[in-house]
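As the structure lists them, so they are numbered: ligands from 1, and atoms in each ligand from 1.
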Amino acid sequence: MSQRMKIAVNTGGGDAPGLNAVIRGIVLAAYQKGWEVHGIKYGYQGLIDTKQIAHLTPESVWDITNIGGTILGTASRGDPFRYPRKGPDGNVVETDISDMVVSNFKAIGFGALIAIGGDGSLRIASKFMKKGIPVIGVPKTIDNDISATVLTFGFDTAVTTATDAIDKLHTTARSHDRVMVVEVMGRYAGWIALNSGVSGSADVILIPEIPFDIEKVCNKIRQLELMGQNYAIVVVAEGAKPAGGEITVIEGGKPGGEVRLGGIAKKVADEIEARTGKETRSLVLGHLQRGGAPTTFDRLLSLRFGAAAIRFIEEGKFGTMVALHPPEVRAVPLNEAIGRMKSVPLDCDTIQTARSLGISFGD
Ligand code: F6P
């Protein structure tokens, strides 16, 4: 594989701090080998409309390690296997245009695709692998819910942002003797809520893995009051749900898109106020958790992932995903990564620690 290899790279799904650092790692490591890297804009859009492909030179990635977002743009919709297109009646319908992507990829002369994405994007990449595109996946998500890697980049930054917000809520909650309920992201996994909640000294943490009983949450708040703590901080994952109840959604899945979660903090806050009589406010941290500069940890992890992707191409390890297994970065089969979601294990040390600190999970 010493001839001039032409590599395509794309970023798909929600952005995550560290994407640009991965791109930098890829471009510079490829350059060392005399290979070319081309950025496919907006997920797979650049392989549908090939004007949206940019040659990435070392100059184009000089100073992007610490910049959030992605220089390639990304897309949460636009899966080529179920591409949203207007039908003759004006309705949007999902159409399979994956053959067009494969033929454009081959016509341009690409030898490999590095797909940087979350669960959804890696699933698409794995389908393209089956259609003959040599793929290496790089796991990205602030949610940290991808199996077969101990961590994804972006997660540490999101937890840092959430922890910082929770720290700020303490002073206002305490000054007003209020309960503050803060909703954090994470989809169907509670990693962000758990790690930021414990680090930010929350009193209650509600995660999807532990369906909660609102009365137990209220009991915790009453207990705190008996001990003289007249305020409380509740961290709730957007995917948390009451025992026997449903997840709260903002919007059902549109064609080619996913369900949008959100709104649980307001529901929990209303219940707490009604049941305890304590003044309660809620807020949704939202996309702040995805923005801004990556933490040092995420920068380093991203650069390592990018450089490893190039090593794995050289070793011909297609159909794999770059994965962190400290102290190593390994190539694991893509199927292992996308087969199941990585939830918070109920017996993990952080849950045990939280319980030892008296934090309630509402169970
Ligand atoms: O997967 C990352 C994530 O930020 C989730 O935590 C959240 O549910 C979702 O993306 C939000 O997506 P969007 O940017 O489409 O609103």
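Annotation: ring pair (Phe, Tyr, Trp, His ring centres under 6.0 Å) contacts of Phe105 (sequence neighbours excluded): Phe110. In this view, Tyr42 satisfies the ring pair (Phe, Tyr, Trp, His ring centres under 6.0 Å) rule with no residue, not counting sequence neighbours.
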When you pair each N or O of ligand 1 with protein N or O atoms, which pairs come out under 3.5 Å?
residue, atom, partner, partner atom, Å
ligand 1, 1 (O), Asp143, OD2, 2.7
ligand 1, 4 (O), Arg290, NH1, 2.8
ligand 1, 6 (O), Asp143, OD1, 2.7
ligand 1, 6 (O), Gly186, N, 3.1
ligand 1, 6 (O), Glu238, OE2, 3.3
ligand 1, 8 (O), Glu238, OE1, 3.4
ligand 1, 8 (O), Glu238, OE2, 2.6
ligand 1, 10 (O), Arg290, NH1, 3.1
ligand 1, 14 (O), His287, NE2, 2.9
ligand 1, 14 (O), Arg290, NH1, 3.0
ligand 1, 14 (O), Arg290, NH2, 3.0
ligand 1, 16 (O), His287, NE2, 3.2

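The existence of a salt bridge linking Asp15 and Arg290 is confirmed by a sub-4.0 Å separation between a basic side-chain nitrogen and an acidic carboxylate oxygen. Salt-bridge formation is not detected for the pair Glu273/Lys278: no Lys NZ or Arg NE/NH1/NH2 atom is positioned less than 4.0 Å from an Asp or Glu carboxylate oxygen.
For residues 201-212, no pair satisfies salt bridge (Lys or Arg N to Asp or Glu O under 4.0 Å), with sequence neighbours left out.
Ring centers of Tyr44 and Phe128: under 6.0 Å apart, within the cut-off.
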